[in-house]
Structure formats: structure tokens, C-alpha cells
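Every chain is numbered from 1 and lettered A, B, ... according to where its sequence line falls, protein lines coming before strand lines.
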Amino acid sequence: MTKEERLKKRHSAEKRFRFYGLASIFLALLFVLILVHNIFSKGSSAFMKTAINVEVFFDQELLEIKNGASDDEILEADFFDITIESLIKVYPAKNVEEEDALIELFTTDAEIEIKRAFLENNNLIGKKINLEITASDDIDQLHKGNYPRDIPEDRRRISDFQLVIYDNLVENQKIVKNFNNYFFKNGDSRDPELAGIGGALIGSFYSIIICLLLAFPVAVLASIYLEEFAPKNKITDFIEININNLAAVPSIVYGLLALQILLATIQLPRSTPLVAGITLALMTLPRIIIPCRASLKAVPPSIREGALAVGASKFQSVFHHVVPLALPGTLSGTIIGLAQALGETAPLILIGMVAFVVDIPSTPIDPSSSLPVQVYLWSESAERGFVEKTSATIMMLLSFLIVMNFLAVYLRQKFEKRWN
Amino acid sequence: MNEIKIKSKNLNVYYGEKQALFDVNLDLNEKEVTALIGPSGCGKSTFIRCINRMNDVIDICKVSGNIEIDGVEINDKNLDVVSLRERVGMVFQKPNPFPKSIYDNISYGPKIHGKGETKSELDEIVENSLKKAALWEEVKDRLDEPGTGLSGGQQQRLCIARAISVNPEVILMDEPCSALDPIATAKIEELIDELKKTYTIVIVTHSMAQAVRVSQKTGFFHLGKLIEVGKTEKIFKNPDNKMTQDYITGRFG
Amino acid sequence: MNFVLIFLITIFSLSLFFYGRSKTKSISVEKNIKLNALPKFYGYYLVLWCSIPSLVFLLIWTLFEPVIIKSIIIETAANQGAIFNDKNEANLIYEKIKAIYAGTYFGDIDTILKESALSYAKFINLFTNSKIVLIFGIVIASVIYSLKKIKNNNKARDDVEVILKGLLFASSLIAILTTLGIIFSLLFESIKFFSVINIFDYLFGTNWSPQRAFVRDASAITAEEYEELKDAFGFIPLIAGTSFIAFIAMLVAVPVGLFSGIYMAEYASLKVRRISKPIIEILAGIPTVVYGFFAALTVGPFFRQIGENLGLTVSSESALAAGLIMGIMIIPYVSSLSDDVINSVPQSLRDGSYAVGATKSETIKKVVIPAALPGIIGSVLLAVSRAIGETMIVVMAAGLAANLTINPLESTTTITTQIVMILVGDQEFDSPKTQSAFALGLTLFIATLVLNYIAQRAVKKYREKYD
Ligand SMILES: Nc1ncnc2c1ncn2[C@@H]1O[C@H](COP(=O)(O)OP(=O)(O)O)[C@@H](O)[C@H]1O
Ligand SMILES: [Mg+2]
């Protein structure tokens, strides 16, 4: 090999090496894009729901209440018959089977929706009004184009007859798309068209607030102790090693801890945000302490000396000067820790947050779900409608995380002092 | 000759295993400027940090021997260092204003010591301190601005004002001009001359010229020992010790 | 009740603050003495003494009251002739008793229930009253003590600071308590487990199927029963599956992460670095349940489709899909740490290599990476420990059956998956199956601890070399 050839080879090796590096970074970026695109394309349709325009006749005989009935009377009244009557009129049905097929086009909550309309305006007896009744999950998915109609009928959840009705309804412009308020308002449900993340949102909110209230003060105080006051001795070393190890313990182990101590020993109520919050706090604590200490450490010693020299006590020098200066870094570390806690799933599964909870929790000691656990639960469900719901839940979760991370970066860049 | 304000007797300081001061016996006179000179690492900072017990902050630092201020031992375990530091202020090598407003920088000390209960009292302290530090005219219109925004020389005068604000008896200065340009240095020296009417001042300096200009008494340290101390004129004209002679003529250091 | 107590303590503490402050002020004026601290510190001093002991007491009491009452009530119910075969039945009766007390019980009330509910009411009263009395006692005692102290013009600031410092120290002890809690809760159940299953049978058994493990009476297991039991709790398939998936993950994460790290440390301009580093770190910020969803719903079926086209049978829950996605999740752990490590290799080493005419990549390969190797190995080990502790991806995408296989297209299971599977939903207490989850947890805990220890040692050694 001549010298030139050799040199050429070395230079092309250089280029190849460089290319591998660049390619790796692009691979990672590409994956972020694919993931986000995948989730968004699956999930964005969940924010709309399909409804069918139905003419409802409030027949006094069937309803057995009068105009101006009180709310209690309305709630007691049986709207089942007029619901059925209204739904089967959407398309001429020849027999009972066809009527059932018609009713199946609608959500199981159709009666409740009609009742709700009546509650808003209790003078409708004897009148006909047009209501947009939420469609069943199958129609919803079909209308959104998530459901293939060209497979054989026996492998489809929608019969040929229902497809005919659907096409007819579309032709007559009876099918509409509305904002899916159920998705934000409702708790969990077996019916995808009714299932919502309302309960999970509240559950996550309570859990994170409890986590914040417990972890933040303890982490700040512990960091201050370790960084400013702790004597260099065995105990301090031991605490430090402990904290570093705790930060690396898999989250599921915290679930086992919670199961044994919080649920079995102190008998806190299962499946609740309270237990979730405490568990997440224990898990987040070391993850907050580490950035807290780093930002305390970043405050130059000259500030401490300046305060001491005018006669501040050690405490005063720390709490009047060092802590305020370290606060932006501390807060941003805390927010990042909370963001991790918000996405944490495994320990919450162990403390029973996978329970099927329909009701929206009103206090932190009500059984509840949380956003990531809801993702897990729905992803195990077979119905197609849950795929878009799951993806949409992930979209919500990711948006919260993005907001939190931006806040953390903003706090640091805006308020953190840089020392030179 | 003024009265003796601070008296150190057989002062020994150790950083862990390493001894930094050896049997230092040094008297400092009231309302006078004492300069401490010597090559770096010889223990000047260590010595003045003993006077307001700043060395307490360093875990490995152990002090033995005596330091008396007005005849009262300050190395006493029961002595409250906070009130000691109220009496003995300090200015550091690098200006270290708090990253707060100019006003807050000065009012901090009086506040924690319970001097200046009302806003107007505090205002007065701030104004007086800044005036004494010859900074008032330059900053009186921007007391709300951060102290870290001032120039280096102004920052150092702010730190002097901060030290003065609690009305100390002694001011320790550890190479206060080493981070400043000649003009700012001149201003500080002028200021020191003025301050010595009220305060006992100890200044560590690297510049022999500065020692001559500002001090009445000079101590020369070498390798942790006080080699020679005396009137500034004498130390610089005809020192008794050969090492002092070598140092001031620039043969080592 | 507790809120009322907390409220009263707070109000009382606050009023003591003002009392303490003005009192010391007036004393100092009257008797013309110099106070040892600013008046407000005497106020703080009183506040701390008044609130901390009583609040700590209240907290402890509140934590343990329900547990104690419960055990007392269950015992009295048993004395009155209530029969319960296991913990769940006892719990049920206790819930009934509580409901009767609260007036929300609508079933039949027999004499046993009635008597128990009465004694429940009695105990609740007794406990509440003693709590109130004790708290007042504590408050009064501590206030008297602290008032006496401030009368003597103590150094209130120093004392306040000592108390606060104690508080700071206590906060940092929570980390130790958490570790102890983890160790205790894992050991507690694991010891029970290992008293039934021989630890060597567990460690070296080749069959894992806890759903088959039935025990009629844990205290008297026959020899045949044991043979069957030990066959249900063999750890080998789990460690094999876990390592296998972690291995696939590292096959993805190490090259991609390492090359990204090298590129960012050595080649990237400041601008590229500033943008690409956070974007890569997004990968670590995405919740793992999202990866799990993606792996299970998109990647798994995608691989199966490809497999079908190639004529291969690919399980839709394959080790490959789970490992691949896990690898992607771990990329930033490798890239960030190795970026740091490479950055701290001293420039002089590189200069030496350039000076003999080496190209940049030769310098990196021959000089920088060998120098940074311990640190890089440390970061890879940390990533491995992440991988074996990772739960959601494998729960959702790897499968449940414990197959001993090295075919990446088949499904395998992992330690974490099994913990979740065993503990999700209702658990039977005191069954080897439930306990086995804790034994797995303990194994996992020890494994990650050891890996982290080695990794941290490696990184630290490396840092010391160049700092
Ligand atoms: N915090 C410290 N820890 C250990 N040794 C120190 C510390 N501060 C100073 N020393 C040592 O004490 C000796 C005196 O230092 P110093 O008083 O700062 O000297 P000077 O101010 O005269 O330059 C030096 O040898 C220095 O290394
Ligand atoms: Mg010095």
C-alpha cells in the first residue's frame, strides 16, 4: 500500500466513524418522531365523538310525568320506553332483530342522555325535539375510519344491516361529530364511548400534590442538612450512600414497600391517591435531593462568608442567602422529579390502582386510578375504541410532562444565577 | 502610641495535620492600621481569620492559644461568635456582595442584629454606611439595583459599607485591593485612611507600597511564623531581620 | 377531631410567639439587661416547643390508633364467639362493626356484632379522650418548660437553631428509614417464603409457574406437596428471561448510545449539542407505560407481520419487541453518561495523539475511549441495572409464560413481570405465591444494588484518576 492509499483509507475511516455518530443521534431522534407520530395519529380522533341525530318524542303516556315536574320526579321517571321508541325510528325496522340492531348503534347511556335533555328543559312533554345521541363505540370507530368494513360479516362486530343503516344515516347527514366531553369528564367505563380520564386526572392530581407536599420539604431540608451542616462522619457518609442507592432502586420495589408497610401494616386505604402520593414521595425523594444538593453546592462559599462576617449565624447565612439562591435549581429539580412521578406506573399497580373505578374521586382517600395506570388498563382491553382512548390519554400525559419540563428549564434559565 | 486593642498569644493553627501558624504573638493597636505582609501561603489570612473566628467554618481547622480583644479572650468555647463578628467586621479578597439590592446588602447586618427597628432608622444606617465607604454619591439614586451590577471597586466599597453597617470596632481586610485596578485601589486606600479614625484596621496586602502608604504598623509572616513586627517605617527602612530585609527588597516572595 | 387539635395547637403556638416576643422585650427594658438573642427568637423558641412534641405525638398516635383498635376489636369479637377462618373474614367483620358504629350498616345485626359495635364505640371514645388529654398534657408541659427557659434569658437563637438542626437531621434520616423499610418489607415476606421453599430449590429450579402452587395448610406440607411446590418456584427461567431481554436492550442501547455520546462530546458543535442532547434525553423522560403501549400495540404486531411474510412464527409478545423498545428507552442513560465521561478525559491526552499525526477518529478509538473505559463500563452497568428493573415495557410486551428460550421471537417473562402478575388484583395473604413476589423483589433489589455499587465504584475511580 502506498502512502497515499493509506492516507485515503484513514480519512475514509474517519468519515465513517463520524457518520456512525451522526446516524446514532438521528436514529434516536427518528424514534422520538415515530413514537410521537404514532401516538398522535392514533389518539387525536378520541377528542371527537360520533353522535346520531334522533328525533325524540316526549310522550306523556309513556313517561308518566307532567310538564314542570321537579328534578326528583324526573330522575325517578322511567325514560326507557321513549328512548327505545325514539331510537328504532331512525330507520324502518322490520322485526325485533332489526330493532335490536338499531338500538345497538347507540351508546348504552342513550336513556340517560335523553333524561339529561329533559332535565334541562322540563316543558317538553308532548313535544318532539332533535337530540344528538352518542353513537356506540363500533359506529364511532367506523365513522372515524378506524374500523375496516371489507372483512367478512361473521368476523365483524357490525352487521351488514347495520352498515346499511349507517350509510343511510350518513347520506341523510344524521351523523355528526362533536367534541368528546365524556373523555374528559367521565370515569372509567366498559364502554369505550363512555370511558373517560376524568377519574384518572383527578387521581393523578391528588397523588402528585401529596407527593409534592411530602417530598419537597423533606428533600430540601435533607439537602440543606447534608450540604451545609452535616459533619463529615460515618453517619453522613451512610446517609449519602443510602440516597444514591435509593435513587437507583427500581420503582417496582417501592410498590412492594408500599404494599407491606402502607397497606398491610398501617392499613391505609387501598387504591387511593393518598397511598400513591406517599409511595411516589418516597420514590421521588432521593431523585429531588440530588439536584437540590447540586444547586446548594453551586452557591459560592464567598456568599456564606460574607454573611458570617457581618455576624449572621450559620443558620442565618444559609436560610437568608444560600437557600434563596439555590431555590430555582431546587424547584426545577423538584418539578422534574414530579414529572417522573407523574408517569410512574408499576408501584401504583401494586397498590391496587388498577381497580376498575367508575366514580370520580372526590377526596384523596377515595379509590382512584391515575393517568399512566389508565393507559395500562385500557391497553389491555380488546375493544378498538380503547386504542384511540389510550393514545389520547398518552397525549394528555405527555403534554403535562412537556409543560412541566419546560417550566423546569424556564425556572433554571430565568432565575438561576450563574457564578463566574 | 494608641492602646492595644487585640492581643494574640502563642497562637497555633492547624489544618488537619498541617500546622499553618506557629506561636504567633502579635499586638494590634486601637484606631490604627496594621498591615500584614509575607509570601503567599505564609498564614496571613489564617491569622486574621482567627480574629473574628471565621476559621470555625472550616471543619478541619483547629486553633490553640489566645486572642484577646479589649482583654477578653475570644477563643472561648462559650463566646457567641455572632456577637464577636458584630464587633469584628471583615472584607474579603474578592468582593462578595450578596446578589441582592444595594440597600439590602447594607441593611442585612443591622436587621439580623436588631439594630434599626424602623425603616427610617435603617435608611439612616444605610446612608451613613455608604457615606463612610465613600460610595453614597455614586449609588444614592439606585439603591434598589443589584449590588452585583456595580464595578469591582464599587463592589469592594459596598462590602466595606456592609462591614461598617453593624458599627464594628475592628475591620479585617484580606487583600481587599488585589482584584481591583489602580484607580479603585487608590480610592480604597484613601478610605482606609479615613476609617482608621473610627476603627481598628488589620489589612493583609501583597503590595509593599500599599503597606507603606496605609499602615502605621507592619507584621511580616513567613512559613507560618511571625518573623518581625514594628512600626511600618522601621520595617521598611531598617528591619532587624535578614529575611524581612530580603522580602521587602524583593529577593523572594 | 385531628384537624381541630392541629388548629388549636397552631393558634396556641402563634399566640405564644407574640407573647414570648413582647414579654422578653419588656423584661429587657424593665430590668435593663441585654438579651442574649433578638426578642423574636424567644417567640420562635416557644412556638417550636409548643408545636413539635404535640404534633409528632399526634402523628404517631393517628398512625397506630386504627391498627390497635382493630386488633382489640377483632379479639373481643372472637371472645364473644365470632368465628373467622382467615384474615379476610376477620376484616369483613371489622368493616361491619365499623359500619354499624357509623350508622351505615343495613344488614342483620346479631348479638355478637352488637356487643362488638358497643365495645368499638367504647374504645373509640376512650382513645379519643386519652388522645386529647395526653396532647394537652404534652403542650402544657413543654410550654412550662420553655417559658422557664426564656425567663432565664437563655440563648434563644442558639436553642432555636439546635432544634431546627435536629429537624434537618431528621429529614435526612428519612432516606435511611426508606431503605430500612424496603429491606424490612422485602425480608419479612421473603423469610416466610424461604421457610417453605428451600432457597437452593428457588435459585436453581428450572420451572416457574406460581399459578399452580396450591397449599392447603402452609404449616404442614407433605413431601409430595413440596415436590410440586418447588417445581412452581424455580428462578432460573426468570433470570434467563430478564437477562435475555436486557441483553437485547443493550445490543441496541450500547452502540447507539455510545456513538451518540462520542459524537456529542467530540464532534458536535455547541449548537448541535445544545439541541440534540435534550432531545435524546426526552427518551428517558417518556413514561415507560408509553413505551409498553407502543411495543405491545405497534412494534409487536409489526414484527409478527414481518415474520409471517418471511415464513417465521413470531409471538406477538416477543422478547425482541420488548428488548428493542427497552433499548431505545435506555439510550440516553448510556449517551449522557458516556458523553460526560469522555468530556472529562484531559485534552492533553488528545493533543499528544494529534501531535503524532493521528486523525480524530483514531485518537478517539486509540486514546480517548481506552482512557474513558472504566467510566463507560460504569455507565453501561447503570443502564443494565435500569433494564433489569424496568417493569411496564416487559409487563405489556414480553409475555407471562416462563419459557426457557433463547429464541428472541418467542415470548419470555421477567422478574418484574412476575411480581406484577402475582400481586395485581386480589392477593391471598400468607400463600407462598404472594410471598414469592417479595422474594423476587428482594432478588431484584440485591441485583440492582450490586450492579450500581460496581458501576459507581468504576465511575468514581475513573473520576479520581483525572480530577
Ligand atoms: N481551608 C484550608 N484547608 C487546608 N489548608 C489550608 C486551608 N486554608 C489555608 N490552608 C493552608 O494554610 C497555609 C496558610 O494559608 P493562608 O493563611 O491562606 O496564607 P496566605 O493568606 O498568607 O496566603 C497554607 O499553606 C495553606 O495551604
Ligand atoms: Mg490569603
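Minimum interatomic distance between C:G441 and A:V253 (heavy atoms only, all atoms of both residues): O-CG2, 4.4 Å. Taking both residues in full, the closest heavy atoms of C:L297 and A:S379 are given as CD1-O, 4.3 Å, listed atom of the first, atom of the second, then distance. The two residues C:S172 and A:A222 come nearest to each other via the heavy atoms CA-CB, 3.6 Å. Counting all heavy atoms, side chain and backbone alike, A:Y376 lies closest to C:M396 at CD1-CG, 3.8 Å. Across C:E161 and A:S313, no two heavy atoms sit closer than the pair OE2-OG, 2.6 Å. Listed here is the closest heavy atom pair of C:G181 and A:L257: C-CD1, 3.3 Å.
Contact tally against chain C (heavy-atom pairs below 4.5 Å) for A:V218, A:L282, A:V220: the top residue is A:V218. Looking only at heavy-atom pairs under 4.5 Å with chain A, the residue among C:T391, C:I286, C:I176, C:L442 that has the most is C:I176.
Chain C is approached within less than 4.5 Å, heavy atom to heavy atom, by A:L29, A:F31, A:V32, A:I34, A:L35, A:N38, A:I39, A:K42 from residues 29-42 of chain A, ordered by number. Within residues 62-71 of chain C, the residues having any heavy atom less than 4.5 Å from a heavy atom of chain A are, in residue-number order, C:L63, C:V67, C:K70.
Of the atoms belonging to A:I402, not a single heavy atom falls under 4.5 Å from chain C. At a 4.5 Å heavy-atom cutoff, C:Y453 makes no contact with chain A through either its backbone or its side chain. When heavy atoms are compared at a cutoff of 4.5 Å, A:V387 approaches chain C by way of both its backbone and its side chain.
With contacts defined as side-chain heavy-atom distances shorter than 4.5 Å, the pair C:I174/A:L285 qualifies.
Of the possible polar contacts, none joining the A:Q260 side chain to the C:L186 backbone as a donor-acceptor pair under 3.5 Å is found.
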